[in-house]
Amino acid sequence: MQLTRPKLSVPLNITIEIGESATAEAAQVEVLEGSALEIARPHSYYEGYTGYDPGFLGPELPLPELSNEQRRNAAKIDDAPPGEDPAVLPYTHFSIVVNRRRQLAYYTVVNIDGNKSADFERRADKWYFDPRIAESEQIGESLYRRNALDRGHLVRRLDPVWGDDLARANDDTFHFTNCAPQHEKFNQGKELWQGLENFVLENADLTDKKITVFTGPVMSDDDPLYKGARLPLAFWKVIAYCKPGGALAISGYMLEQTQLIEDMLTFEAVFDAGTYRISLAQLRERTGLDFQYLEPHETPLTSDGLEARADRVRLHDDYSNLVL
């Protein structure tokens with residue numbers, strides 16, 4: 001079928017050890033006074049990366065088309081290989097497109113193989129700039145100092161950790177291109193976000209335990225300004241998998257952190273923190289990303305009868321009203 005369309009404080013003057021997938025000699029290290037380390041690998045580290053596989057599920061699942069404005073604002077690889085989209089940054093089993101003006105991802109997309117996933121131990125966090133785009137197009141460590149903001153993974157750390165190089169896949173998720181400012185209660189709250197993909201993997205009747213997940217922040221021009229960066233008030237996911245027989249199933253989700261950011265700053269919250277099932281049409285309206293080509297495969301929204309809006313259904317904490 002073809003679709004058409006933890007904060008880490010480090011003293012000065014220390015020896016840095018890079019993980020198994022890179023050597024200390026290959027890294028350029030800058031120690032920021034009183035903060036964590038910001039590390040950049042050489043360009044050669046990323047040679048041969050293919051990133052997200054659109055045919056991973058069987059049917060082709062292409063990347064969403066960027067609008068003309070989004071493409072103008074996308075960070076680009078100057079020396080991208082011929083035939084490759086310079087706006088797409090490939091990593092191990094996932095890819096990212098960055099909004100250089102906001103210094104955050106337009107979206108990330110990852111292939112998850114539930115049959116091969118490994119429980120790779122988390123080591124001391126080391127966060128990396130991606131040298132393929134300018135550092136000025138990425139939010140670094142300074143935003144996260146002395147406040148309630150976490151560096152929230154967009155592609156979860158364990159999602160791409162399967163296959164031949166578990167350490168490299170783990171380390172690749174620790175790029176500033178793959179994180180966004182999330183309130184610590186939002187980022188660490190299992191009832192808010194962390195359990196959703198696991199619930200799908202464990203409860204959906206899916207082929208070969210494979211899913212593809214698109215994730216990103218909702219970015220608005222009136223997001224609250226803090227330390228020179230605008231803080232996104234919501235994040236979204238689109239989860240895709242194939243049912244036995246090859247039928248594609250697509251569903252969209254939104255998680256609001258508006259109330260939590262209001263508690264940290266001073267402005268009037270519109271939405272309470274919580275996870276919602278949303279329509280792809282509403283997602284397109286809020287992000288500008290065109291997932292219309294997936295709408296024929298969208299699973300129906302459901303409700304417990306208490307929701308007033310037909311395109312937005314709040315999920316129960318145990319996901320018991322989630323249609324798979």
Side-chain angles (χ1 to χ4, degrees), residues 6-8 19 21 36-39 41 49 51-52 89-99 102-114 117-130 133 138-141 143-144 147-163 165-201 211-219 229 231-239 253-257 260-261 273 275:
K7 305 231 186 330
L8 173 65
S21 49
L37 294 176
E38 293 175 336
I39 307 170
R41 295 186 175 101
Y49 270 27
Y52 167 69
L89 300 169
Y91 301 92
T92 303
H93 304 312
F94 67 97
S95 295
I96 298 176
V97 175
V98 172
N99 179 336
R102 287 290 297 264
Q103 303 169 283
L104 296 171
Y106 272 122
Y107 65 84
T108 67
V109 57
V110 60
N111 302 128
I112 304 172
D113 192 328
S117 293
D119 188 14
F120 191 84
E121 182 179 359
R122 185 166 186 164
R123 301 167 296 196
D125 290 1
K126 300 184 181 95
W127 285 87
Y128 301 87
F129 282 116
D130 191 320
I133 62 175
Q138 307 167 67
I139 293 179
E141 189 60 35
L143 179 65
Y144 302 96
N147 54 42
L149 294 177
D150 281 352
R151 309 173 213 86
H153 280 78
L154 296 175
V155 171
R156 291 191 315 164
R157 183 181 68 87
L158 292 176
D159 280 356
V161 178
W162 55 272
D165 196 336
L166 304 182
R168 182 176 285 254
N170 174 84
D171 291 351
D172 277 359
T173 67
F174 286 91
H175 279 83
F176 285 111
T177 52
N178 185 46
C179 77
Q182 295 181 343
H183 193 281
E184 59 190 6
K185 292 180 181 179
F186 175 101
N187 184 43
Q188 299 167 25
K190 288 181 168 44
E191 74 279 5
L192 291 180
W193 191 253
Q194 293 183 9
L196 180 58
E197 290 170 26
N198 282 339
F199 182 86
V200 173
L201 277 168
I211 65 175
T212 287
V213 180
F214 295 84
T215 305
V218 176
M219 292 179 280
L231 304 182
L233 300 180
F235 294 83
W236 57 268
K237 284 184 184 291
V238 171
I239 295 179
Y253 304 88
M254 190 77 68
L255 201 157
E256 305 281 354
Q257 67 169 0
L260 296 173
I261 297 297
T275 306

Test side-chain contact (heavy atoms from CB on, under 4.5 Å) applied to His175 - qualifying residues, sequence neighbours left out = Arg41, Tyr46, Tyr91, Tyr128, Asp130, Asp172, Thr177
By side-chain contact (heavy atoms from CB on, under 4.5 Å), which residues pair with Ile139, not counting sequence neighbours?
-> Gln103, Leu104, Leu143, Tyr144, Ala229
Pairwise distance [atom1]([X]) to [atom2]([Y]) - rounded to 0.5 angstrom:
X      : Y      : atom1 : atom2 : answer
Asp150 : Gln182 : CG    : CD    : 8.0 Å
Asp165 : Thr92  : CG    : OG1   : 6.5 Å
Asp113 : Trp162 : CG    : CH2   : 5.0 Å

How are the rings of Phe174 and Trp127 set to each other: parallel, tilted or perpendicular (split at 30° and 60°)?
-> perpendicular
Any donor-acceptor pair under 3.5 Å from Ser95 side chain to Tyr52 backbone = yes
Can any side-chain N or O of Trp236 pair as donor or acceptor with the backbone N or O of Tyr253 at less than 3.5 Å?
-> no
Give the intermediate values and the outcome of side chain to side chain contact (heavy atoms under 4.5 Å, CB included) for residues Leu233 and Val218.
-> CA-CA 7 Å; Leu233 300 180; Val218 176; over 6 Å; no
Among Thr108, Thr173, Asp159, whose side chain to side chain contact (heavy atoms under 4.5 Å, CB included) with His153 holds?
-> Thr173
Quick one: list whatever passes ring-ring contact (aromatic ring centres under 6.0 Å, His included) with Phe214, sequence neighbours left out.
-> Phe291
Between Tyr49 and His93, does a side chain to side chain contact (heavy atoms under 4.5 Å, CB included) hold up when you go through it step by step?
-> CA-CA 9 Å; Tyr49 270 27; His93 304 312; over 6 Å; no
Any idea which heavy atoms bring Pro217 and Ala105 closest together, and the distance?
-> CD-O, 3.0 Å
Which atom pair, heavy atoms only, marks the closest approach of Ala234 to Met254?
-> CB-SD, 4.0 Å
Test ring pair (Phe, Tyr, Trp, His ring centres under 6.0 Å) on Phe176 and Phe129 and set out the steps.
-> CA-CA 6 Å; Phe176 285 111; Phe129 282 116; 5.0 Å; yes
Side chain proximity check, Leu158 to Asp119, heavy atoms < 4.5 angstrom = yes
Answer whether the closest heavy-atom distance between the side chains of Ser117 and Ile112 falls below 4.5 Å.
-> yes
Kindly indicate, with the supporting measurements, whether the criterion side chain to side chain contact (heavy atoms under 4.5 Å, CB included) is fulfilled by Ile133 and Leu89.
-> CA-CA 9 Å; Ile133 62 175; Leu89 300 169; 3.9 Å; yes
List in chain and number order the residues that pass side chain to side chain donor-acceptor pair (under 3.5 Å) with Thr212, two or more places apart in sequence or in another chain; answer none if no residue qualifies.
-> Asn111
Side chain to side chain donor-acceptor pair (under 3.5 Å) filter on Asn170, not counting sequence neighbours, yields Arg157
Passes side chain to side chain contact (heavy atoms under 4.5 Å, CB included), Glu141 versus Arg151? Steps please.
-> CA-CA 9 Å; Glu141 189 60 35; Arg151 309 173 213 86; 2.9 Å; yes
